[in-house]
Amino acid sequence: MIIVAKPLTPEEFAPYGDVLAPPADVGRVYFDQGLRTSRPTAWPSLSVSHARCLPSPPLEAKVMERHEFSSQSFVPLDVARWLVVVAPSAADGSPDPSRAVAFLAGPGQGVTYHAGTWHHPLTILDRPARFAVFMWRDGTRTDEEFRTLAAPFTIEVRD
């Protein structure tokens with residue numbers, strides 16, 4: 001299966017989370033409604049990551065991850081373009097690759113994934129990138145879950 005990445009917009013991404021972008025005018029936009037955890041023992045965790053870029057597109061998605069009980073946010077610090085790949089859950093709770101969607105994010109766009117949203121690990125295009133990452137952790141295996149896909153799929157970026 002081949003998926004073509006489409007531009008990341010708040011409306012299209014709404015079922016999966018929030019698009020984080022600065023306001024057009026001077027001021028501030030709050031995104032705190034999307035920051036959630038259902039684990040009373042989880043603490044907020046802020047980290048900074050430095051990610052390599054995808055060596056040779058297209059992307060073959062072989063694994064997806066989720067944070068079943070908490071949101072996770074990626075805020076670009078120094079990034080060009082990057083891919084945001086999401087999928088709803090299948091009836092058995094695993095990712096449903098047949099309903100996966102791919103978005104092309106630009107330099108000023110971040111995302112907050114809703115709790116339980118299956119997503120591909122961070123995938124960077126063009127050049128290495130740096131992100132601030134906010135999530136909730138309690139130090140158990142419920143912090144994150146990874147699943148290898150029985151049927152990998154391909155994401156293409158068309159200019």
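For the single chain, residues carry numbers from 1 onward in sequence order. Here the structure is a predicted model, which is why all the values come from computation and not from measurement.
Residues R127 and D78 meet the side-chain proximity criterion, which asks for heavy atoms closer than 4.5 Å. In this structure, the side chains of S70 and M135 stay at 4.5 Å or more apart for every pair of heavy atoms. A 4.5 Å side-chain heavy-atom check between I155 and L83 finds at least one atom pair inside the cut-off.
In this structure, F69 is not a member of the same hydrophobic cluster as L35, with clusters built from ILVMFWY side-chain heavy atoms closer than 4.5 Å. Note: the hydrophobic cluster containing V84 also contains V101 (ILVMFWY, side chain heavy atoms under 4.5 Å, direct or indirect links). Cluster annotation: V85 and M1 are assigned to the same hydrophobic cluster (Ile/Leu/Val/Met/Phe/Trp/Tyr, side-chain heavy-atom contacts under 4.5 Å, transitive). Side-chain heavy atoms closer than 4.5 Å link hydrophobic residues (I, L, V, M, F, W, Y) into clusters, and following such links, possibly through other members, connects F153 to V157.
Rounding to the nearest 0.5 Å gives a distance of 9.5 Å between OG of S89 and CE of M64. Taking OG1 from T123 and CG from L59, the interatomic distance works out to 5.0 Å, rounded to the nearest 0.5 Å. Note that CD of E65 and CG of D143 are 11.5 Å apart. Values are rounded to the nearest 0.5 Å. Taking NZ of K62 as the start and CG of L149 as the end, the distance is 10.5 Å to the nearest 0.5 Å. Of the inter-residue distances, the one linking L122 atom CG with F74 atom CZ reads 5.5 Å to the nearest 0.5 angstrom. For the atom pair CG of L8 and CZ of F13, the computed distance is 6.5 Å after rounding to the nearest 0.5 Å.
Atom CG of D25 has 12 or fewer heavy atoms from other residues, nucleotides or ligands within 6.0 Å.
The side chain to side chain contact (heavy atoms under 4.5 Å, CB included) test applied to V26 returns no partner, not counting sequence neighbours. In this view, P44 and F134, W136 satisfy the side chain to side chain contact (heavy atoms under 4.5 Å, CB included) rule, not counting sequence neighbours. Qualifying salt bridge (charged side-chain N to carboxylate O under 4.0 Å, His left out) partners for R141, counting only residues two or more places apart in sequence or in other chains: none. Applying the salt bridge (charged side-chain N to carboxylate O under 4.0 Å, His left out) rule to R147 yields the partners E145; only residues at least two apart in sequence or on another chain are considered. Listed by chain and residue number, nothing satisfies the side chain to side chain donor-acceptor pair (under 3.5 Å) test with S38 (two or more places apart in sequence, or in another chain). Checked against ring-ring contact (aromatic ring centres under 6.0 Å, His included), W82 has the following partners two or more places apart in sequence or in another chain: F131. Under the rule for a salt bridge (charged side-chain N to carboxylate O under 4.0 Å, His left out), the partners of R81 that lie at least two apart in sequence or sit in another chain are D126, D159. Under the salt bridge (charged side-chain N to carboxylate O under 4.0 Å, His left out) criterion, D18 pairs with no residue at all, not counting sequence neighbours. Checked against ring-ring contact (aromatic ring centres under 6.0 Å, His included), H119 has the following partners two or more places apart in sequence or in another chain: H67, Y113. E12 is linked by a side chain to side chain contact (heavy atoms under 4.5 Å, CB included) to K6, T9, F103, counting only residues two or more places apart in sequence or in another chain. With sequence neighbours left out, the side chain to side chain contact (heavy atoms under 4.5 Å, CB included) criterion links P15 to no other residue.
Between L54 and P58 the shortest heavy-atom distance is CD2-C, 4.2 Å. Nearest approach of A42 to D138, heavy atoms of both residues: CA-CB, 3.8 Å. T112 approaches G34 most closely through the heavy-atom pair CG2-O, 3.7 Å. When all heavy atoms are compared, the tightest approach of G93 to W118 is O-NE1, 3.2 Å. Heavy atoms only, all atoms of each residue included: P22 and G108 are closest at CD-O, 3.5 Å. For the residue pair A61 and H120, the shortest heavy atom distance occurs at CB-CD2, 3.7 Å.
Among pairs with a residue in residues 67-77, those fulfilling salt bridge (Lys or Arg N to Asp or Glu O under 4.0 Å) read R66-E68, at least two apart in sequence or across chains.
Side-chain atoms of T140 come within 3.5 Å of backbone N or O of T142 as a donor-acceptor pair.
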